[in-house]
Amino acid sequence: MTFSLGQLALLVLGYLAALFLTAYAVERDWIPRRWVRHPIVYVLSLGVYASAWAFYGSVGLANQYGYGFLAYYLGISGAFVLTPVLLSPILQITRTYQLSSLADLLAFRYRSRWAGILVSLFMLAVVIPMLTLQITAIADTLYLLNREWPVGNLAFAYVLVMIIFAILFGARHVSPREKHEGLVFAIAFESLLKLAAILILGGVVLFGIFPEVGGLEKWLQENQAVLAEQQVRLQDGPWRTLLMVFFAAAVAMPHMFHMAFTENTNPGALRHASWGVPLFMLVMSFSVPPILWAGYYLNVETDPSYFALGIGLATESPFLTLLIFIGGLAAASGIIIVTTLSTAAMFLNHLVLPVYKPAPRYDFYRWLLWMRRSLIAVILFLAYGFYLLVGADLDLSQLGILGFVACSQFLPGVLGLLYWPKSNRKGFIAGVVTGTFTWIYALLLPFCELALGWNVPFWLPATDESNWHLAAISAISVNFTLFVIISFATRQNAAEAAAADACSIDTVSRPSRQPLVANNTNEIINALTRPLGRYVAEREVYQALEDLELPSYEDRPYALRRLRGRLEANLSGLMGPTVAHDLVSRYLPFRDDVELTEDIYQIEQRLEGFHSRLGGLASELDSLRRYHRQTLERLPMGVCSLAADGEIMMWNQAMSDLTNTAASDVTGSHISRLASPWGPLLQEFLVSKAMHKYKHRVEHRGRPHWFSLHKALIEGSNGQPGGTVILMEDQTETQLLEEELIHNERLASIGRLAAGVAHEIGNPITGIDCLAQSMRYETDNPELLQMADQIQEQTKRVTRIVQSLMNFSHAGHHSTEHELVDVSYCVDEAMQLLRLSKRSQDITFVNDCPPALATLGDAQRLVQVFVNLLGNARDASEPGSSVWVQGEADEEQIHVMVLDEGHGIPAETLDRIFEPFFTTKDVGKGTGLGLSLVYSIIEEHYGHITIDSPLANGRGTCVKVSLPRAEQTEVTEPH
């Protein structure tokens, strides 16, 4: 049974086109986002690990090592079971610092350009055999289905098709740091497809190949000896080495790193992968032994690696044959696309950009895009060249062993990155170089010699499929030994130590609080314009500001430090950590003229993210730190912690409430940048010698407030002052209460004085008045009569003053009758009384109070209140003007406003307006007791009075009287 080349080409192109349309549908939002970002999609995308070697070659492994083939599945499963201590920390580091490849990660950790270059170069030892394996598998299966074209031509055609589709999947847009959600969804779809294909084949084998129920068991018993002869016993085989190299693949294989970390949009999905990936691998491994046994049973003529396709050909089932071919195509195509994308980005960051960067005037993003496309083609053509040279003569198992053993050379560096902060670049570089050359000498060259029959002029070890594991163990042992010895023998530099702190899961970094040379975001853009160009610099800075949720203009030192770190992380994703670090260090340097101190605020932020990893005493200490932090945050007193240079390190919630300034807006800024009045207030107190300042008056929102300030010095690590803590306590209510008590006491004392004075003056005045009346009856002299009239007029004036004094002295002691009073009627009565005076003839009184306003009290005393208020309004008004009285009510109170168009009350006198004997009228025209009496009567009625003056254009006054509201059922009118 064969298929035409046209049919196979249509099948290959149709499948890849369908796969691309799946990814395109995701990009166009034709598929619901909740499906695309579901954790199961991420778990299935990690099935990219199951390449053509898993689909085809695992049967060859089973043929060679028996149940040792399970190491292929168990090794990767073990890595995902250890997600909390292995994969999650790497994911956190890559997300924080925008590291998109293993070379980025190792170059960032060991702060070495050479580390990134060597990892990228040696990654060819991993990528080329793995890509060659996929090309070989597809070319061989195409040849099995159609033997018209040479297998080399089929391989070349497949490489060309994959170059096109790899570019379409991952290098189609200019966006430099895009997440390929369409690619992830398409790879997840591929994983489902190949899983379904191999399970269907396993079902066909179990229920359709062997003749009857129990036929498989009977055949195995009859052929047990034959099968045992062809397989290496588990305890004698290299299963331990297989477990190690497949374990390393979870973090060292470029396609696994890319899918697990770079394309991860939901960190929580990794928890699902810790059990989902082992389950996927377990299910996929179920069909491998039955396929192997069915191949022997049917005497399939193909290599055991291709028994799956051979079974379809042997059964002459077109559907089963094409299903298996599509499953193998899915397995090979997925890993080729992801591997070329990730490796192209790695080569761009570490092999191209360190050597050549376009001029700032060039369209940098488009240059990156075309360079990435070119590298994809170069990588696949290199794989095809290796296929022509050696790969076609190596079986799938040999190609897979070459790739996986090569990737294990990066495992010591990754483990040192996480668990050994003292490891350094010299140890890593020495280990990986020696290990890789050992791999070349002890494994690659012997395999090539066996495949091609070379007669090399120098001695090579006799490595073959029976002892390759010894060469693998030798390479990794040499690597690990040199890594440890040289790291112990040499020391890290400062940059490497800082990177070690940032990567290690056992320590928390202690960032320094050091200002930048650039003072604001505009200066940062100008600095980056020189290497990147204006467009790229602005785009990167604004992107970093958006990532940090900062405004477009920032000048706070702490915010600028965060912006610098985020820029370096974003540029790492764009051009690699080495180039990004060099660029940022050169063009955005720190100032070196200040003393370095630790950034406590940033340390606490990192401790919050580190909290879940702590245990034992460290966890207890961190809980104590969190408790003290919450105590300060919830303290009902403002707390502001300042560094020695005045940078704000802490601003608690009470401080935010007092100043109406959020902590996020001021933390990290200098105290001098605070808005008035807080900046001048705190800075003046900070530089003063006083440690306490009590009841300092501050005008805020048009009202006076009083604050008490206290400060204490913080001792630094070297015994010098390390900063200052300022406490701010709101004393406004206390101050107002004290003023009210003083005012009441003053009124009481004046009342007592007034009563005594009125009593002592009353008798003499009565006598004088009697004498004046006697003069009127005893003389007819006009001059004496005029004098008697003047004496009586003055005695009446004195009597009125005495009566006012008596009324004031009884204020607060009067028993106000609690009767319903119509306030509108009281206002009318007051207006009628005032209209009797000649001074009121030129003033118009208008009563706009609604008749429904009622309160409980004494109607006669309320008339006295409005007579005083209306009289004051009249005296302040110009002839021909008006005085209005307006009223309104709410659920609890009635409000009566007396408004005039007079000259208003000066602001400096408002605070004293209700004090006895204080008046703004001319001498002889007022006693200063009227408003004091009004104030007392209103308080007796459980109300309050306020004055707003001037109203507009420096003129007019509004006196507002508020009284408890009562239902108007029966009112009392004044008698």
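Nothing here was measured: the structure is a model prediction, and the numbers come from that model.
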Close side-chain approach of [X] to [Y], heavy-atom, < 4.5 Å:
X	Y	answer
Arg111	Phe108	yes
Ile93	Leu418	yes
Leu369	Tyr365	no
Val48	His258	no
Phe69	Val59	no
Asp582	Ser585	no
Arg372	Leu375	no
Ser487	Lys422	no

For the residue pair [Y] / [X], report whether a side-chain donor-acceptor contact shorter than 3.5 Å exists.
X	Y	answer
Arg109	Ser423	yes
Asp395	Ser397	no
Tyr56	Thr302	no

Does the separation of the ring centres of [X] and [Y] fall below 6.0 angstrom?
X	Y	result
Tyr72	Trp53	yes
Trp420	Phe488	yes
Phe410	Trp439	no

Passes side-chain contact (heavy atoms from CB on, under 4.5 Å), Leu87 versus Phe261? Steps please. CA-CA 9 Å; Leu87 303 184; Phe261 307 122; 3.9 Å; yes
Could you label the plane-to-plane angle of the [X] and [Y] rings as parallel, tilted or perpendicular, counting under 30° as parallel and over 60° as perpendicular?
X	Y	answer
Phe437	Phe122	perpendicular
Tyr384	Tyr387	parallel
Tyr110	Phe428	parallel

Might you point out which heavy atoms bring [X] and [Y] nearest each other, and give the distance in Å?
X	Y	result
Leu351	Val355	O-CG2, 3.5 Å
Met284	Ala50	SD-CB, 3.6 Å
Asn424	Ile486	ND2-O, 4.1 Å
Val414	Leu102	CG2-CD1, 3.8 Å
Ile440	Pro446	O-CD, 4.2 Å
Thr136	Tyr306	O-OH, 3.7 Å

Do the side chain of [X] and the main chain of [Y] share a donor and acceptor less than 3.5 angstrom apart?
X	Y	result
Glu190	Ala186	no
Tyr42	Ala260	yes
Ser333	Ala330	no
Thr141	Ile138	yes
Thr463	Ala442	yes
Asn479	Ala475	no
Lys194	Ala54	no

Check the pair Trp367, Tyr356 against ring pair (Phe, Tyr, Trp, His ring centres under 6.0 Å), reporting the backbone distance first and the verdict last. CA-CA 12 Å; Trp367 180 85; Tyr356 171 77; 5.7 Å; yes
[atom1] of [X] to [atom2] of [Y]: how many Å apart, nearest 0.5 Å?
X	Y	atom1	atom2	answer
Met253	Met259	CE	CE	15.5 Å
Phe169	Ile337	CZ	CD1	4.5 Å
Ser58	Asn63	OG	CG	11.5 Å
Thr339	Gln134	OG1	CD	7.5 Å
Leu394	Cys448	CG	SG	6.0 Å
Ile187	Glu263	CD1	CD	10.0 Å

Does the side-chain contact (heavy atoms from CB on, under 4.5 Å) test come out yes or no for Phe247 and Leu86, once each step is laid out? CA-CA 11 Å; Phe247 176 89; Leu86 179 64; 3.7 Å; yes
In sequence, state the C-alpha distance, the side-chain angles, and the governing distance for Phe480 and Leu411, and then conclude on side-chain contact (heavy atoms from CB on, under 4.5 Å). CA-CA 9 Å; Phe480 182 78; Leu411 185 60; over 6 Å; no
Hey, mind stepping through Phe280 and Phe80 against side-chain contact (heavy atoms from CB on, under 4.5 Å) and telling me if it holds? CA-CA 12 Å; Phe280 179 89; Phe80 277 91; over 6 Å; no
